[in-house]
K.L.:
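Got a structure for you, questions after.
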Amino acid sequence: MSTKTKTLTKQEAFFEYLVRLADDRLILGHRLSEWCGHGPILEEDIALANVALDNIGHAASLYEYAAEVEGEDRHRDDIVYFRNDPEYKNLKMVELPKGDFGFTIARQFLFSAFSFFLYQGLAKADDEQFSGMAEKHLKEIKYHLRHSREWVLRLGDGTDESHQRMQDAFDGIWTFTGELFYMDEVDELLIDEGLGIDTSVFREDWKNLVTDVLEEATVTVPDFDQYMAEGGRKGLHTEHLGHLLAEMQHLRRSYPDAVWE
Amino acid sequence: MSNSKESNYDTQWPLWEVFTQPRDGKPHEHAGSLHAPDAEKALENARDVYARRKEAVNIWVVQTEDITASTPEDQGPFFDPANDKPYRYPKFYNPPRAVKKRS
């Protein structure tokens with residue numbers, strides 16, 4: 001990596017920032033799409049597919065803008081289909097296998113709660129196109145938060161089995177929650193430019209929201225100060241991302257010149 | 001233990017009827033039905049199934065079993081009487097010529 005510390009320009013940092021945001025949403029959207037046709041009930045199958053499409057849509061706008069900022073005439077599909085896993089900068093949380101319905105809901109709730117605070121800040125970013133995008137996506141994020149929150153409450157405070165599954169889901173994913181608030185020189189540079197958000201500002205709000213919902217759902221809140229896994233933002237991923245990308249990129253890489261007819 | 005057996009027996013949630021308002025000032029219309037465990041989830045499901053592409057500005061959900069409907073057997077006593085009382089329709093009467101001219 002040659003683009004570090006002093007050599008990082010505003011343009012490079014903004015491109016990286018947009019790609020990180022987009023990678024989170026694309027990979028999560030792909031995981032959610034795996035539920036299509038496998039949802040626990042028809043209505044929820046449709047709901048999860050909708051959330052998947054929203055996330056992939058958010059990612060598409062972000063990649064498109066990233067390509068524009070980069071200015072090297074790349075199409076967003078080039079960024080999506082022709083990068084390998086070390087070049088993907090998503091959080092480890094979103095690449096984990098979809099697990100059972102409880103795990104998918106626990107992850108969605110934690111991620112949507114984080115996005116809810118993040119996008120309120122991004123909607124005021126000092127860049128009209130970026131802030132407009134964030135404001136538009138925030139509406140859908142609010143719905144994802146509502147949808148997943150209501151499920152956490154019902155499953156956590158449901159039957160013995162659903163309660164245990166929610167507890168296991170939160171215990172299992174907890175070590176990946178610290179990375180939500182990871183920041184490095186990319187963030188620092190953009191915070192100074194009024195384009196990035198200092199996530200430590202809303203960390204307490206996020207903790208309070210998560211704590212309130214888990215307590216209401218009778219789920220024991222794991223330790224926020226436990227060991228946290230990181231690395232996603234530097235391209236160090238779990239074994240699961242490579243398999244996901246293999247499936248997602250296979251067709252495009254096999255037929256790179258294919259077009260919709 | 002009994003829980004899992006019961007859920008194998010019947011996994012369906014209650015049925016809800018969905019009414020969507022296409023735009024402000026318009027009456028709600030029946031959009032369809034769906035399954036949901038409770039009212040909040042019924043609203044969310046209704047949004048995802050019937051109102052995701054701006055089809056509605058407002059949604060009502062009501063549990064199907066709470067709707068009291070007339071039955072096919074009611075058809076005669078409820079709706080037929082009007083047939084042999086044509087004078088109940090405004091068209092039964094010929095308006096005076098003076099009124100016709102005005103309109």
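To find a chain, count down the sequence lines: A is the first, B the second, and so on, and within it residues start at 1.
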K.L.:
Nearest heavy-atom pair of A/Ile46 and B/Asp48: which atoms, and what distance?
P.N.:
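Shortest heavy-atom separation between A/Ile46 and B/Asp48 comes out as CG2-O, 3.9 Å.
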
K.L.:
For A/Glu43 and B/His35, which heavy atoms make the closest approach, and how far apart are they?
P.N.:
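So the two residues come closest at OE2-N, 2.7 Å.
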
K.L.:
Rounded to the nearest 0.5 Å, how far apart are CD1 of A/Ile41 and NZ of B/Lys41?
P.N.:
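It comes to 12.0 Å.
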
K.L.:
Counting only heavy atoms not in B/Arg47, do more than 12 fall under 6.0 Å of its CZ?
P.N.:
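Check passes, neighbour count above 12.
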
K.L.:
With rounding to the nearest 0.5 angstrom, report the CD to CG distance, A/Glu150 to B/Leu43.
P.N.:
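It is 10.0 Å, given to the nearest 0.5 Å.
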
K.L.:
Do other residues, nucleotides or ligands put more than 12 heavy atoms under 6.0 Å from the NE2 atom of B/His28?
P.N.:
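Above 12, so yes.
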
K.L.:
Let me confirm one number: the CD-CH2 distance from A/Glu44 to B/Trp13, rounded to the nearest 0.5 Å.
P.N.:
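A/Glu44 CD to B/Trp13 CH2: 6.5 Å, rounded to 0.5 Å.
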
K.L.:
Answer yes when A/Arg154 and B/Glu40 have at least one side-chain N-carboxylate O distance shorter than 4.0 Å, and no when they do not.
P.N.:
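Judged by the 4.0 Å cut-off on N to carboxylate O distance, A/Arg154 and B/Glu40 do not form a salt bridge.
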
K.L.:
Answer yes or no: are there more than 12 heavy-atom neighbours, outside A/Lys207 itself, under 6.0 Å from its atom NZ?
P.N.:
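Counting neighbours around NZ of A/Lys207, more than 12 heavy atoms of other residues, nucleotides or ligands fall under 6.0 Å, so yes.
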
K.L.:
Holding to ring pair (Phe, Tyr, Trp, His ring centres under 6.0 Å), I want the full list of residues that pass it with A/His38, two or more places apart in sequence or in another chain.
P.N.:
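Here no residue qualifies.
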
K.L.:
More than 12 non-hydrogen atoms from neighbouring residues, nucleotides or ligands closer than 6.0 Å to CD on A/Glu135, yes or no?
P.N.:
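At most 12 heavy atoms, drawn from other residues, nucleotides or ligands, come within 6.0 Å of this atom.
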
K.L.:
Quick one: list whatever passes ring pair (Phe, Tyr, Trp, His ring centres under 6.0 Å) with A/Tyr143, sequence neighbours left out.
P.N.:
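Applying ring pair (Phe, Tyr, Trp, His ring centres under 6.0 Å) to A/Tyr143 gives none.
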
K.L.:
Go through the atoms of A/Asp45 and report whether side chain, backbone, both or neither lie under 4.5 Å from a heavy atom of chain B.
P.N.:
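Neither part; nothing is under 4.5 Å.
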
